[in-house]
Amino acid sequence: MIRRILVIIGYVCVMLFVVALTFVLVAYGNDYTYDFQTHQIIQKGHVIIESVPSGTQVTADGRSINKRTPYQAVWSVGQHAFGLTRDGFWPWSKTLDVLPGQVSLVNYAIMVPKQPARTVLDGRTAFTPQAISKDHRHMAYIEPGVNAALYTLDISGGKPAKLYTAAVASATKPAEALDQVTWSDDASHLLLRSRMGDAVTYRLLTAGSSDSIDLTEQYKFDFAGLAFSANNWRQLYWVSGDGGLRRLDVEAQSVSAVLADKVSQFWVAPDRVLYVQQNDLGRSLWSLDKNGKRQRLIDSLVQSSGYALAYSTFGGQDELALVPASTGVGTLYSGILSDNPTAKVVAHDVVQPDFTPDGSIVAFSSAKQIVTYDLQRTRLTGKPAIATITDQPGVLQRLTWFDNAHLLTIRDGQLYFSEYDGANRVNLGAVAADAPAEHSSDFKSIYVTQPGRAAGTQELVSLAVRP
């Protein structure tokens with residue numbers, strides 16, 4: 001009998017030990033620990049830092065911890081300053097808020113080399129503007145002057161190719177000035193705008209060929225603001241002089257009837273056209289999809305001479321950022337195509353919105369500031385994740401996204417690389433043309449126009465900022 005009781009007690013003890021051990025392991029896995037100073041069980045937070053390149057020395061709160069990336073560890077709750085150092089690279093630093101039971105993840109740290117590998121893609125006296133295809137594999141730029149011409153470049157290793165030569169001046173006509181070029185989404189065609197005096201001409205050119213169509217001459221329309229539709233180079237949109245939104249179909253050689261009247265602006269989105277329409281009550285924002293369905297997105301817009309708009313999708317939800325020129329107020333509309341869209345004012349005194357490639361962050365910018373809104377962090381934490389960048393040097397001239405966490409900005413003729421919140425800013429040198437810096441298709445290099453080695457020349461270069 002006693003033996004049976006002892007066996008039962010033994011089983012109970014083992015079960016209690018297993019339960020206690022399980023509890024301890026679960027608590028440990030959730031970053032709970034015993035504080036011997038306060039004699040209390042406290043919950044810590046987890047820090048994970050990854051870098052490019054990896055194997056970079058980690059410092060924490062001003063001291064070396066003899067660890068390298070990728071790094072992960074449990075840390076006490078509060079703010080901690082982490083740093084990364086590596087010979088030949090600019091140092092990286094960030095203060096992280098460590099929260100109880102949560103992971104503070106840094107997976108965007110790029111160690112920028114102090115002397116990035118520089119490859120000259122093209123060099124000539126001058127060229128502008130710089131246009132890049134949607135896949136970031138092809139460039140187009142204009143050489144102005146007496147021998148004005150349009151050039152294209154396959155960035156993967158091809159040589160610059162002259163695609164179009166401007167007409168020279170004659171006894172009856174001035175010289176043709178080339179002033180704007182854009183790519184179709186599939187990089188198969190380009191749209192070139194040129195001027196002869198006050199006359200504006202739009203030409204459709206085939207990439208890699210001398211084939212071109214003078215759309216203005218062929219269709220006898222004033223194609224002011226003509227733009228490719230998304231994913232279909234054969235269809236182009238513009239607003240005619242009477243305010244009618246219309247579509248040109250190159251394949252069918254036809255021009256549509258007015259698709260919407262009293263239109264002052266339009267933007268081409270992936271599967272639709274967005275446009276501003278004037279009515280008796282004011283202005284409203286509309287959508288026209290590829291099937292011809294119209295949808296009013298914003299009933300009443302602030303009266304303004306113009307609007308800056310950016311459209312993207314993130315997490316299966318449509319996102320639209322809008323800035324009226326008259327107010328400079330940046331508003332983010334989430335679920336804009338749904339039955340229950342939401343609107344949030346994100347920034348003031350801005351002029352332009354821009355989304356990251358994946359749509360996770362939108363930047364509202366002006367000459368004096370950049371305000372970023374992180375949709376992903378906002379959804380994860382339930383709190384607006386907004387960063388206002390006002391300490392940048394000089395006046396902002398251009399802004400583009402390098403990837404989903406880094407900005408490329410041109411200020412007072414200097415190119416800067418920084419994180420989305422302005423941290424870890426690196427000056428990459430002077431630029432030579434009023435054109436944005438662009439990223440490569442693999443997000444490893446930056447394409448920008450810089451002063452050439454010879455006086456008075458420019459070079460289109462590739463700067464390798466990550467391996």
Does the ring of F127 carry K162 above it, NZ/CZ under 6.0 angstrom from centre and within 45° of its axis?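 K162 over F127 ring: no.
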
Decide if atom CZ of R411 counts as having more than 12 heavy atoms of other residues, nucleotides or ligands within a radius under 6.0 Å.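 Counting other residues, nucleotides and ligands, CZ of R411 exceeds 12 neighbours.
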
Counting heavy atoms not belonging to W267, are there more than 12 under 6.0 Å from its CH2? yes

Under 3.5 Å side-chain donor-acceptor pair for Y164 and E176: yes

Regarding Q295 and R272, do their side chains bring together a donor and an acceptor under 3.5 Å, going by distance alone?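 Short answer, no.
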
Taking all heavy atoms of [X] and all of [Y], pick out the closest pair and write down the distance.
| X | Y | answer |
| --- | --- | --- |
| Y219 | S254 | CE2-N, 4.3 Å |
| G335 | P341 | O-CB, 3.3 Å |
| I298 | S284 | O-CB, 3.2 Å |
| Q369 | D349 | NE2-O, 3.4 Å |
| M196 | P174 | C-CG, 3.7 Å |

Would you confirm whether the ring centroid of F221 sits within less than 6.0 angstrom of the ring centroid of W238?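 Centroid separation for W238 and F221: below 6.0 Å.
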
Intermediate values then yes/no, side chain to side chain contact (heavy atoms under 4.5 Å, CB included), V448 and L428: CA-CA 10 Å; V448 67; L428 294 175; over 6 Å; no

Please verify the inter-ring angle class for F82 with Y71; under 30° counts as parallel, over 60° as perpendicular, anything in between as tilted. tilted

Under-4.0 Å salt bridge between K290 and D271: no

Lys/Arg N to Asp/Glu carboxylate O, D421 vs K94, below 4.0 Å: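 Looking at D421 and K94, the cut-off is met.
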
